[in-house]
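For reference, the structure I am asking about is given below.
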Amino acid sequence: MDTDTADCVVAGGGPAGMMLGLLLARAGVRVVVCEKHEDFLRDFRGDTVHPSTLRLLDELGLGDQFAALPQTRIHQVAFPTGEGRQIVVGDLRRLHTPHPYIAMVPQWDLLNLLAGAASAEPTFTLRMGTEVTGLLHDGDRVAGVRYRTADGVTGEIRSALTLACDGRWSAVRRAAGLRPREFPVPIDAWWFRLPRRDTDDLPGLVPAAGHGAMVVVFPREGHLQVAYIARKGTDAELRSRGLAAFQRQVATVAPRLADRLDALTSMDDVKHLDVRVNRLRRWHRDGLLCIGDAAHAMSPVGGVGINLAVADAVAAATRLAEPLRRGRITPAELATVRARRALPTVVVQTLQQNLHRTIVQPILDGRRVGPPAPLLALMRRFPAASLLPAYLIGIGPRPEHAPEYARRWGQPG
């Protein structure tokens, strides 16, 4: 069995793990990122990059490279009000930020960009096809990880700090004995692709609602990414009814998609997301820290999961780089990350739960087809009120900036 050493080992090569690896490597920390898959090419992961993250990429000197990636830009979030009209509830163009829009970019493109930048740092190592299978201990302290590669080779990496960035079903979190508090969620989501046509006019996100479901269409380069939102726990029933019944239901809720639903050839084209909202009370153990979805799973409402995870990574790197360079990190220093990021996590999750209760649940119950009437009246009378939802979606509470040691303003891409 191989045994290696590092200052820090990161389990999971998603947005939080790759951003953290890049930032720590720029601080001179010896960091190893272990990603269990052999590439980043997976559909229906979070693909929304919000204004706060776009600004962060600028600070890191990666803005030009990101702008060159194939992408579509969303400037508004709106709801239909009947008779072909809609009301804008979040206008990102009102934000005072360099990038007043949400960029829809395949997550693998973002991850490859971060991996390429990190690989330019001599202290960074990315191990693809390497799954973390367990934790090493020195007494009560977590002292690194055990891993297995895609071809069956096993080994260990001993480190001063282990970061769990392995998602909402985090195996590292479970191995550390950390259990999240679960909150009730009324919805699940089903994702699928449909063809995009030159005649499609999709300036923003405009959910269609009715008949006990919602359909949200995300414009992408060359296709539409579609989310079907319905009651939690109904995946087996939905699949038992078959493809034709599903196509009819989607067409009933979103008639504008009816003429292209034959692009779905089987229910295998429809991917189920078991929506969870949860968070850890304590994000760390001695020698280990959870961030991103491993610390707090978010609802897809607002599409803010990636950006919160990236912000966690920035906060962690800002606070922990110097202790890691010293070679020893204390539980008190790990606790500062949660102290920084707990408030925005609670604020966003509370907002999501309120949106579930006041907007989504009434739609699923057939009581409404959009937001409450008072909210619509407010937005009609005071269009500038759309700035607040835009800020909460696009920037969010307590946005993070790149630490000084990692900044590369104006550096060519």
Side-chain angles (χ1 to χ4, degrees), residues 44-48 77-81 87 89-90 167-170 179-192 205-218 225-241 245-246 248-254 257 267 270-281 292-309 344-376 389 392-393 396:
F44 306 125
R45 303 175 75 174
D47 294 338
T48 56
V77 178
F79 271 92
T81 59
I87 187 79
V89 297
R168 64 182 54 206
W169 307 110
S170 173
R179 299 289 183 268
R181 176 187 177 189
E182 297 283 345
F183 297 92
V185 178
I187 61 170
D188 278 344
W190 290 262
W191 292 97
F192 54 93
L205 294 183
V206 186
H211 307 279
M214 296 176 62
V215 173
V216 186
V217 178
F218 298 84
Q225 183 171 320
V226 184
Y228 175 81
I229 310 294
R231 291 184 184 277
K232 174 166 280 297
T234 58
D235 182 62
E237 177 185 354
L238 181 149
R239 293 182 186 280
S240 69
R241 291 177 179 173
F246 179 73
R248 286 194 297 271
Q249 174 65 4
V250 174
T252 300
V253 179
L257 301 179
M267 288 302 294
V270 181
K271 309 300 181 183
H272 173 232
L273 172 65
D274 180 6
V275 176
R276 296 293 181 99
V277 174
N278 63 37
R279 62 177 178 264
L280 291 172
R281 293 180 175 87
D293 282 358
H296 47 73
M298 314 302 291
S299 167
V301 171
V304 296
I306 284 181
N307 302 282
L308 279 174
T345 299
V346 171
V347 168
V348 172
Q349 288 186 329
T350 300
L351 177 61
Q352 290 182 329
Q353 289 172 293
N354 286 334
L355 292 173
H356 289 166
R357 183 174 63 255
T358 61
I359 295 180
V360 179
Q361 188 69 62
I363 289 172
L364 301 188
D365 292 343
R367 290 182 278 135
R368 282 203 306 267
V369 294
L375 175 60
L376 294 177
L392 291 171
I393 293 171

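Below, each value reflects all heavy atoms present in this structure, side chains not excepted, and no hydrogens, waters or symmetry copies.
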Inter-residue atom distance His356.NE2 - Gln352.CD, 0.5 Å rounding: 6.0 Å

Under 3.5 Å, which donor-acceptor pairs link side chains of residues 302-309 to any protein atom two or more places apart or in another chain?
{"from": "Asn307", "atom 1": "OD1", "to": "His50", "atom 2": "N", "distance (Å)": "3.1"}
{"from": "Asn307", "atom 1": "OD1", "to": "Thr53", "atom 2": "OG1", "distance (Å)": "2.5"}

Inspect the contact between Asp365 and Arg231 and indicate whether a charged nitrogen and a carboxylate oxygen are less than 4.0 angstrom apart.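 Salt bridge between Arg231 and Asp365, a charged N being under 4.0 Å from a carboxylate O: yes.
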
Considering residues at least two apart in sequence or located in another chain, which fulfil the salt bridge (charged side-chain N to carboxylate O under 4.0 Å, His left out) criterion with Arg357?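 Counting only residues at least two positions away or on another chain, Arg357 forms no salt bridge (charged side-chain N to carboxylate O under 4.0 Å, His left out).
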
I'd like to know if the side chain of Gln349 reaches the main chain of Met298, judged simply by a donor and an acceptor atom lying under 3.5 Å from each other, with no hydrogens or angles considered. no

What's the spacing between Ser240 OG and Asp235 CG if we round to 0.5 Å? 9.5 Å

Using the side-chain hydrogen bond (donor to acceptor under 3.5 Å, both in side chains) criterion, which residues pair with Arg168? Sequence neighbours excluded.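 So Arg168 forms no side-chain hydrogen bond (donor to acceptor under 3.5 Å, both in side chains) with any residue.
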
Smallest separation among heavy atoms of His211 and Val253, with atom names: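 That closest heavy-atom pairing would be CB-CG2, 4.4 Å.
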
Is any side-chain heavy atom of Asp47 less than 4.5 Å from a side-chain heavy atom of Phe218?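 No, every pair of side-chain atoms sits at 4.5 Å or beyond.
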
Would you give the length of the straight line joining atom CG of Asp274 to atom NZ of Lys232, rounded to the nearest 0.5 angstrom? 4.0 Å

Beyond-backbone contact of Val275 with Pro300, side-chain heavy atoms, under 4.5 angstrom: yes

With Arg179 via side-chain contact (heavy atoms from CB on, under 4.5 Å) - residues at least two apart: Arg174

Taking only residues two or more places apart in sequence, or in another chain, which ones meet His272 in a ring pair (Phe, Tyr, Trp, His ring centres under 6.0 Å)?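 Residues passing ring pair (Phe, Tyr, Trp, His ring centres under 6.0 Å) with His272: Trp190.
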
In terms of heavy-atom contacts, Val270 and Arg239 come closest through O-NH2, 2.7 Å

Do Ile363 and Ile359 touch side chain to side chain, with heavy atoms closer than 4.5 Å? yes

Heavy-atom side-chain contact between Thr234 and Asp188 under 4.5 Å: no

Across all chains, not counting sequence neighbours, the salt bridge (charged side-chain N to carboxylate O under 4.0 Å, His left out) partners of Arg279 are none

For atom CZ of Arg367, decide whether the heavy atoms of other residues, nucleotides or ligands shown that lie under 6.0 angstrom number more than 12. yes

So, taking the atom named CZ in Phe192 and the one named CD in Gln225, what distance separates them when rounded to the nearest 0.5 Å?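 Taking CZ in Phe192 and CD in Gln225, the distance rounds to 10.5 Å.
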
Heavy-atom side-chain contact between Met267 and Leu238 under 4.5 Å: yes

Which heavy atom of Ser170 sits nearest to which heavy atom of Ala294, and what is that distance?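 In terms of heavy atoms, the two residues are closest at CB-CB, 3.8 Å.
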
Side chains of Gln361 and Ile187, heavy atoms from C-beta outward: is any pair under 4.5 Å? no

